[in-house]
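One structure is given below, encoded as structure tokens.
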Amino acid sequence: MTSNTDFQNQVYQFVGKVPGGKVTTYGEVAYLIQNSKIKNQNYNSKVQINPRFLPRLVGFCLHQNKDPKVPCHRVVDRNGRLAPNFAFDGAKEQKRRLEAEGVKFVDEMHVDLAKSLWQGKS
DNA sequence: AAAGTGACGCATT
DNA sequence: TAATGCGCCACTT
């Protein structure tokens, strides 16, 4: 257990802001982090991360995270697809959690982004 | 210390 | 319109 990097902190912070019943995407989180980075200049990455690669890092950081406090199940990919290997108990459990919060599904593996995508603003 | 691995997203063919 | 490739960071072993 080592202290989290600033990048991880940013990821968890933004994910933690997603309200129940809503979901966000890796790309969205990545975008917000970039924006926050520029705004606060608190991000101490060794090098500048290409925005194009950010979403992947976001996903990887969430995969690492085992902290129940972080609602990682509310993060899906751009197509609303659930994570193939959800850290806790597979995508099935992730779907179960989301449905419990009122998130609608259009498919066994896809959430209804049109209705449940968190249009984070505030 | 070095190399491999990985919850994605976009451009190009 | 669909399928395939590229990007190149942070973390683990």
Side-chain angles (χ1 to χ4, degrees):
Chain A
M1 176 58 88
T2 57
S3 55
N4 292 340
T5 63
D6 288 336
F7 182 77
Q8 286 176 309
N9 261 332
Q10 294 287 305
V11 172
Y12 302 148
Q13 183 179 338
F14 281 111
V15 173
K17 287 182 180 178
V18 180
K22 294 289 181 182
V23 298
T24 190
T25 66
Y26 301 102
E28 187 69 15
V29 174
Y31 178 78
L32 291 176
I33 290 177
Q34 264 293 327
N35 195 21
S36 174
K37 169 189 168 187
I38 297 173
K39 181 179 179 182
N40 300 324
Q41 296 189 340
N42 284 333
Y43 181 55
N44 295 322
S45 177
K46 299 173 185 175
V47 298
Q48 286 202 346
I49 303 175
N50 286 11
R52 187 173 169 185
F53 194 72
L54 266 174
R56 203 169 189 180
L57 291 180
V58 173
F60 190 72
C61 285
L62 286 177
H63 183 202
Q64 275 182 24
N65 178 52
K66 299 179 183 63
D67 190 345
K69 287 167 58 74
V70 181
C72 41
H73 59 282
R74 291 181 194 149
V75 186
V76 296
D77 72 7
R78 195 56 184 118
N79 300 316
R81 185 177 178 286
L82 302 179
N85 289 326
F86 188 58
F88 294 95
D89 200 4
K92 192 172 183 180
E93 178 61 21
Q94 183 178 7
K95 178 173 182 291
R96 192 177 184 78
R97 282 187 169 189
L98 291 174
E99 284 184 323
E101 296 177 349
V103 176
K104 306 301 180 187
F105 280 73
V106 297
D107 190 306
E108 188 65 25
M109 286 295 290
H110 298 76
V111 301
D112 189 343
L113 284 181
K115 293 183 178 179
S116 301
L117 180 59
W118 178 51
Q119 304 178 6
K121 230 346 228 117
S122 80

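We use all heavy atoms of the structure for the numbers below, so side chains are in, but hydrogens, waters and symmetry mates are not. A note on names: the letters A, B, ... follow the listed sequences, proteins ahead of strands, and every chain is numbered from 1.
- Look at A/Gln8 and you'll find a side-chain N or O under 4.0 angstrom from OP1 or OP2 of C/dC11.
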Legend entry - Secondary structure of DNA chain C in dot-bracket form (Watson-Crick or G-U wobble, distances below 3.5 Å, | marking inter-strand pairs): .||||||.|||||
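- Summarising the geometry, the separation between CD on A/Glu28 and C1' on B/dA7 is reported as 16 Å, rounded to the nearest angstrom.
- Counting all heavy atoms, side chain and backbone alike, A/Leu54 lies closest to A/Ala30 at CB-CB, 3.5 Å.
- No donor-acceptor contact under 3.5 angstrom links the side chains of A/His73 and A/Glu93, judged on distance only.
- Side-chain atoms of A/Arg56 stay outside donor-acceptor range of the base of B/dG9, with no qualifying N/O pair under 3.5 Å.
- When all heavy atoms of A/Cys61 and A/Tyr12 are compared, the pair lying nearest together is O-OH, 3.0 Å.
- Two residues are said to be in side-chain contact when any heavy atoms from C-beta on lie closer than 4.5 Å; A/Gln8 and A/Gln64 meet this criterion.
- Nearest-nucleotide positions on DNA chain B place A/Phe60 closer to the 5' end than the other of A/Phe60 and A/Thr25.
- For A/Phe53, taking side-chain heavy atoms from C-beta onward, the closest of the listed nucleotides C/dC9, B/dA7, B/dA11 is C/dC9.
- Here C/dA10 is the nucleotide among C/dA10, B/dA7, C/dC11 with the atom lying nearest to any side-chain atom of A/Leu57.
- Evaluation of the side-chain hydrogen bond (donor to acceptor under 3.5 Å, both in side chains) rule for A/Glu99 yields A/Lys95 as partners, not counting sequence neighbours.
- In terms of heavy-atom proximity, A/Thr25 sits nearest to A/Val75 at C-CG1, 4.1 Å.
- Taking atom CG of A/Leu113 as the reference point, atom P of B/dG9 lies 10 Å away to the nearest angstrom.
- Nucleotide C/dC9 holds its C1' atom 17 Å from the CG atom of A/Asn9, rounded to whole Å.
- Rounding to whole angstrom units, CD1 of residue A/Ile33 and C1' of B/dA7 are separated by 14 Å.
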